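What's counted below: heavy atoms across the whole structure, side chains too, no hydrogens, waters or symmetry copies. Protein chains get the first letters and strands the later ones, always in sequence-line order, with residue 1 at the start of each. Given the structure is predicted, the values throughout are model-derived calculations rather than measurements.
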Amino acid sequence: MQTTGEIARTYRPNEVESRWYDWWDHHGYFAPRGTGEPFVIIMPPPNVTGELHMGHALFVAVEDILVRWRRMQGRPTLWLPGADHAGIGGQWVVERELLEEGVTRQDLGRERFLKRMWTFMDQYRGRIREQLRILGASCDWSRFTFTMDPGPARAVRTAFRQLYDKGLIYRGKRLINWCPRCRTVLSDLEVDHEEEQSSLWTIRYPIEGTDRFIEVATTRPETMLGDTAVAVHPDDERYRDLVGRSATLPIIGRTLPILADPAVDPEFGTGAVKVTPAHDPNDFEIGQRHGLPAVNVMNLDGTMNENAAEFEGRTISEARKGVVARLEREGYLVRTEPHTLSVGRCDRCGTVVEPMISEQWFVRMAPLNAPALRAVQEGRVRFIPERFRSAYVSWVEHEHDWCISRQLWWGHRIPVWYCDECGEATVSVEQSVERCERCGGTSLHQDPDVLDTWFSAALWPFSTLGWPDETEDLERYYPSSVMETGYDILFLWVHRMIFSGLEFMGQAPFPDVYLHGQVRDAQGQRMSKSKGNGIDPTIVTAEYGSDALRLALVTAGPVGSDLKLSVQRVESMRNFANKIWNATRYVLRATAGVEIELADDGSIAPPGEDGSSLADRWILSRLSATTSEVTGMLERYQLNEAGRRLYEFVWSEYCDWYLEATKVALGGTNETARRSTQQTLVYVLDRILRLLHPFMPFVTEELWHHLPHRGDALIVAPWPEPGERDERAEREFELLIEVVRSVRNARAEHDVPPARLIPATIAAGTAADALLGQADVISRLARIEPGSLEIQSEVTSPPEDALSLVVASDVQVYLPLAGMVDPEEQRRRLEADLAAARSEAERARGLLSNEQFTRRAPEHVVERERARLAVAEERARLLEDRLSAL
RNA sequence: GGGCGAAUAGCUCAGUUGGUUAGAGCGCACGGUUCACAUCCGUGAGGUCCGGGGUUCGAGUCCCUGUUCGCCCA
């Protein structure tokens with residue numbers, strides 16, 4: 001794309017950003033290029049149905065920075081995008097649509113419903129690209145994959161078959177979490193537990209053959225209809241004589257054995273509990289141990305079933321009220337007291353989850369977890385930040401088997417066919433099965449359920465690359481370089497990818513796991529639709545630009561912790577973009593019509609030594625420092641620090657000092673010096689744009705095209721290598737900065753109008769030569785009258801009535817501001833400075849006179865203290881002189 | 001109940017293997033029509049490094065303990 005001519009006075013992000021994305025894409029820059037070790041990120045696939053939110057903006061910012069940086073380093077770089085079908089969530093969106101039309105999915109039937117799902121999905125598919133385009137995600141669209149595509153679908157069936165054959169997938173009747181609203185089973189991880197205020201009801205059951213009762217405490221009285229035992233702790237003296245006897249269940253009249261089991265907490269309630277194996281995980285286990293029957297009293301829609309006597313057909317909460325009322329009426333309710341308990345809710349819809357017994361498919365985790373734990377413990381999989389490792393290990397060590405079937409229609413159908421003749425299950429990687437594997441019968445029906453969305457997500461690092469086929473992509477790009485995702489799905493997704501990669505590919509799917517936190521509002525509140533405190537990325541990027549949003553997000557806080565985002569921060573990053581924009585305008589104007597030398601690789605050549613000024617040498621050295629620091633920070637995944645470092649370099653060093661200093665050479669008569677400055681200006685700006693490109697791809701690409709260059713695009717321009725440091729230049733220029741600052745400070749303190757130029761005399765000791773060469777720069781920056789600036793190594797007779805500034809031990813500035821300076825005021829200042837210098841000297845002296853310190857501290861620390869002492873003493877001496885001269 | 005994290009300027013965060021005078025950005029105050037930029041420039045104020053104890057010549061940093069907030073797991 002050609003960009004020519006004068007550029008606008010202020011940066012307008014939306015005009016610039018809209019131009020580049022498709023241009024990059026059409027030129028093929030998003031596809032891996034070249035040879036060498038690839039850099040690969042498999043993108044966490046956004047839900048097809050989802051709107052763009054800040055979570056997406058954050059992951060795009062982070063991944064795109066890594067990807068663009070590595071691409072510029074010359075690695076063949078693949079960032080593979082995709083979309084997730086989002087099981088329950090996806091189905092729910094379409095069901096809601098149907099609801100408005102007054103139809104249920106059951107009315108439509110499975111086939112027509114799925115057709116409708118696909119129509120919907122096809123509509124939404126394009127939106128992911130559109131959203132990622134806004135954010136500048138440089139991912140390879142030719143490899144875009146949807147979890148329901150034929151490839152990943154076959155991967156799912158293949159994985160299922162392999163695990164089934166190894167006995168790692170089984171079907172079993174177990175206690176599971178049931179969401180009555182979604183009408184499906186959920187895995188343990190999809191249930192959110194929250195403390196809620198409720199009651200503890202104490203009920204008494206008559207003991208058979210006596211006129212005594214046993215009191216049990218429960219948080220869920222309605223489940224008593226399904227009680228099949230009463231249990232106490234084996235060591236509980238209070239109930240020892242009752243163990244072995246029986247109680248009668250009120251309302252129902254069932255006989256309940258009273259048994260002893262160590263799982264009962266004698267401290268809770270009365271120490272005796274009712275046992276409802278069909279509706280409580282602990283009771284289920286007690287039931288297993290004692291061979292108790294499980295009586296299910298609920299329907300799948302959250303109403304009571306035929307085992308609930310008169311409460312059949314009522315909702316659970318109606319049943320609870322009814323049961324309590326009847327118990328009370330009949331004298332079985334002993335008391336009701338307030339109680340806090342943990343309630344499980346469906347993480348999708350918030351409905352209270354019911355534990356129920358149901359036949360489902362499970363993955364046997366222990367054999368799969370062992371290799372995953374080893375990989376993490378041996379460091380083959382690293383977490384960034386590291387602290388997530390211990391959370392991962394302790395969670396995985398205690399993981400239960402994973403329930404993978406879901407009672408939904410939208411998703412990967414379980415690849416199991418049951419024979420109508422012999423009942424045998426046939427598991428197939430094919431889409432359909434004609435013949436029973438055992439009896440050859442041809443009348444089969446497929447399991448009606450689908451698989452947990454995370455089952456297909458677990459295979460994502462290799463199903464996207466063609467597995468189970470041995471494709472070139474799989475060979476070349478597996479394992480990927482880093483998995484970047486939110487810490488909230490560490491167990492739900494990351495863990496499952498790790499064990500799946502190890503199981504199916506024999507190798508962990510990534511060596512590094514970079515975990516980002518959640519984006520919160522300026523007050524640290526979670527952004528949510530209902531609170532209305534969310535910041536919409538579409539709106540923010542339209543106003544401030546995606547570059548600004550990206551930089552605001554990535555510099556907002558360290559990796560792995562939640563970050564606070566305010567529009568104000570985005571705005572200040574937009575201002576930063578404007579700063580670079582205007583710096584470029586300045587450079588372009590300063591170098592108009594000048595031939596800029598290019599290096600062999602087509603980039604701007606570094607300026608030669610000839611005619612280079614102190615400022616030139618200083619900024620080049622600072623550029624080297626910045627380049628190596630930023631590269632190091634990126635290598636350590638410290639993106640936030642890298643971003644901030646660049647911000648500071650550009651604004652505080654390049655713009656505030658270097659650009660200002662160049663105005664002298666550019667306006668001067670020395671042709672060589674001017675050429676050197678022009679070359680340096682462009683050279684450093686070019687490096688800045690390169691370093692900044694991963695963070696702010698749009699504005700940097702735009703500006704780069706205005707600079708002289710021979711490459712095609714900044715997105716594929718080489719990443720800068722740090723040059724030499726010039727410590728002498730840094731020291732000297734920093735002294736210059738100190739001199740200028742102290743003059744400015746004095747001017748401000750004494751209300752010297754900015755427009756007024758003043759004379760100055762500088763005594764600069766050993767730095768006199770260096771400063772002498774910078775007289776023009778100093779006078780310009782400090783607003784000193786050029787003809788009246790004197791720089792000497794020593795000033796024997798300072799100007800009369802001069803204000804005296806002590807910059808360093810041997811550097812003083814005299815500002816002859818006769819008439820402007822109140823002598824009392826100056827005395828006060830000097831005295832304050834003197835007091836500071838004396839106390840500093842005192843501190844250093846005290847330290848150095850401590851023999852423990854001089855003996856035990858390292859030599860360089862002691863040396864530094866000696867130097868500080870000398871400086872402070874010299875400074876104090878100078879200040880005393882000035883004071884007495886006053 | 002177990003675990004993790006955080007606590008440093010008004011706000012958001014840096015602060016290397018401990019090195020003695022704790023930094024940045026934003027915000028704030030004051031001053032500015034300096035020919036890149038008011039989306040800007042200059043100057044400045046602002047800190048018991050959460051409390052207590054310990055180790056050390058030396059602690060924001062290491063150890064113990066407590067407080068507050070947040071998160072994860074059961």
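Residues from residues 635-645 of chain A with heavy atoms under 4.0 angstrom of RNA chain B, sorted by number: A:Glu641, A:Arg644. Within residues 559-576 of chain A, the residues that have a heavy atom under 4.0 Å from RNA chain B are, in order of number, A:Lys564, A:Gln568, A:Arg574, A:Asn575.
Among residues two or more places apart in sequence or in another chain, the salt bridge (charged side-chain N to carboxylate O under 4.0 Å, His left out) test is passed with A:Asp261 by A:Arg289. Take A:Ser390 and apply the side chain to side chain donor-acceptor pair (under 3.5 Å) test, not counting sequence neighbours, and it matches no residue.
Between A:Asp192 and A:Leu659, the one whose closest nucleotide on RNA chain B sits nearer the 5' end is A:Leu659. Residues A:Pro858 and A:Asn578 each lie close to RNA chain B; by heavy-atom proximity, the contact nearer the 5' end of the strand is made by A:Pro858.
When the P atom is compared between B:U20 and B:A38, the two are found 42 Å apart, to the nearest whole Å. B:G47 and B:U33: their P atoms are spaced 32 Å apart (whole Å).
Think of the region where chain A sits on RNA chain B: with heavy atoms and a 4.0 Å cut, that region ends 5' and 3' at B:C4 to B:C73.
Among the protein residues, A:Arg9 comes within range of the sugar-phosphate backbone only, with heavy atoms under 4.0 Å from sugar or phosphate atoms but none that close to a base. When heavy atoms are screened at a 4.0 angstrom cut-off, A:Trp581 is found touching no nucleic acid atom at all. Here A:Ala391 lies out of heavy-atom contact (under 4.0 Å) with every strand. If you check every strand for non-hydrogen atoms under 4.0 Å, A:Glu840 touches a base.
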Subject >> Pair pattern of RNA chain B in dot-bracket, where unpaired bases get dots and | marks partners in another strand, Watson-Crick or G-U under 3.5 angstrom >> reply: (((((((..((((.....[...)))).(((((.......))))).....(((((..]....)))))))))))).
